[in-house]
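Structure first, then comments.
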2 protein chains.
Amino acid sequence: MSAPEISRKDLHEGRRNQLIDAALSLFAEKGYENATIKDLAEACGVAAGLVYHYFESKEDLLLSVFERHGFAAEMERVLLPAFDRPASEVLLEVVHSYYDLLVERESFMRMIIRESMTNPQLEERWTTMCNTGVQTLARYLAARVAAGELRAHDTEISARMLTHPVVVLRLTGGSVAQLSSIVDCLLEGINKKSGQG
Amino acid sequence: MSAPEISRKDLHEGRRNQLIDAALSLFAEKGYENATIKDLAEACGVAAGLVYHYFESKEDLLLSVFERHGFAAEMERVLLPAFDRPASEVLLEVVHSYYDLLVERESFMRMIIRESMTNPQLEERWTTMCNTGVQTLARYLAARVAAGELRAHDTEISARMLTHPVVVLRLTGGSVAQLSSIVDCLLEGINKKSGQG
DNA sequence: CGTGTCTGACTGAACGTTCAATGAGCGCTC
DNA sequence: GAGCGCTCATTGAACGTTCAGTCAGACACG
């Protein structure tokens, strides 16, 4: 009857991940300094001292949260469509996927924004993540310029105009329904065109 | 020689403002929780106890910082050009003024962004300030649509596309030189137009 | 003008609390 | 029995806040 349902290693990793995930929730909700190790331990149903069995310090825990929940790769995937697909077809779904990703990772996003204001180490990671995303999308847009679909322009800026409003929209309670307007405004412009209806 | 150089009232107000301004610096730099009353007192060259002569509590001090340094009015002023001036002429200077305002108020902006992630009272103020700004600019843009300069579109979104990238650009170390591209992209769009060179 | 009273800015030690972190010890599983 | 997951009592530092007390200037009265 002593079937080892889970190995020692998996037990270790499972507990560690449970602690990290609970820490992310707490950090996002209350802020790093206001979330106590006791809070975390209670949320996981363990004693406070156990946290120091898995992490060297509270700050080590914070960095571990970043290791586990950073989503630079997902962001790049979402923001890099195939170069041969037209922007008019692809940008709306990019913006929607980006929005969905932000919703899914909201806790992490709120945490990292908050802590990057005072933690230079996190600020650099967050800035890099932002800029990498922008440049990824910019590369696609540049490809569409080269393909003759889009006019020549600063594609890093158009990438920012697609992504940044989505972030702030999400943080300040805007509506998802407006996402399509973002793409429309950017593609068509808001100037009344002479030669069109 | 015993000329009373400053009145009691001015002394009070001066000291109070000195404490608030120093608190803003500290809160922006280290974060609310990491900035101690002792830090603040030292920065002002006074004893820690004096802070409680001017403020009921640390949180009262935080709210007082917001009272004194909130800039909703300046933001509305910057984002509301005269309705009869054409967007093509006015938007670039709006974006530049907005950027300059953010630079001037950087400490406050960083503080409020950080603290609004965990303090619901501040979050509401910050969200309101953001949305008021967006709607102010949106009203101007709607006027330009009505005037026949701009095509009909969701002006709240175009207002977001002008302001939000500026904020994030500022926070993630983008270049000021790119501001004009924002306006250009929004007015003209990035689609290659059929009837133009 | 001079003298006494009062106000209010200011100090700095002290208090109570909270927190991150430690480490000895317990029991379970290889 | 060795090692690991875990508990729990404990520590020491740091924090917000309080408070008794000091001192200089403002004010009222003679």
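Quick note on labels: first sequence line is chain A, next is B, and so on, each numbered from 1.
For Tyr52(A), a side-chain nitrogen or oxygen approaches OP1 or OP2 of dA21(C) to under 4.0 Å. Between His53(A) and the phosphate of dG5(D), there is a side-chain N or O to OP1/OP2 separation shorter than 4.0 Å. Residue Tyr54(B) has a polar side-chain atom (N or O) positioned under 4.0 Å from OP1 or OP2 of dC10(C). Of the side-chain N and O atoms in Arg15(A), one or more sit less than 4.0 angstrom from OP1 or OP2 of dC6(D).
Listed nucleotides: dA21(C), dG12(C), dC6(D). Nearest to the side chain of Leu50(A): dC6(D).
With a 4.5 Å cut-off between side-chain heavy atoms of Ile, Leu, Val, Met, Phe, Trp and Tyr, the cluster of Val134(A) takes in none.
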Just list the side-chain donor-acceptor pairs under 3.5 Å for residues 73-83 of chain B, sequence neighbours left out, or say none.
{"residue": "Glu74(B)", "atom": "OE2", "partner": "Arg105(B)", "partner atom": "NH2", "Å": "2.9"}

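Panel note: side chain Tyr99(B), backbone Leu169(B); no donor-acceptor pair is recorded below 3.5 Å.
No side-chain heavy atom of Val168(B) sits under 4.5 Å from any side-chain heavy atom of Val167(A).
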> Between Thr36(A) and Asp39(A), is a side chain to side chain donor-acceptor pair (under 3.5 Å) present by the stated rule, with each step listed?
Replying inline: CA-CA 5 Å; Thr36(A) 70; Asp39(A) 285 339; 3.3 Å; yes
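Annotation: cation-pi pair Arg114(B)/Tyr32(B) absent, no NZ/CZ under 6.0 Å from the ring centroid and within 45° of its normal.
The CZ-P distance, from Phe55(A) to dA20(C), rounds to 14 Å in whole Å.
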Can you pull every protein N or O that's under 3.5 Å from an N or O on nucleotides 14-19 of chain C?
none

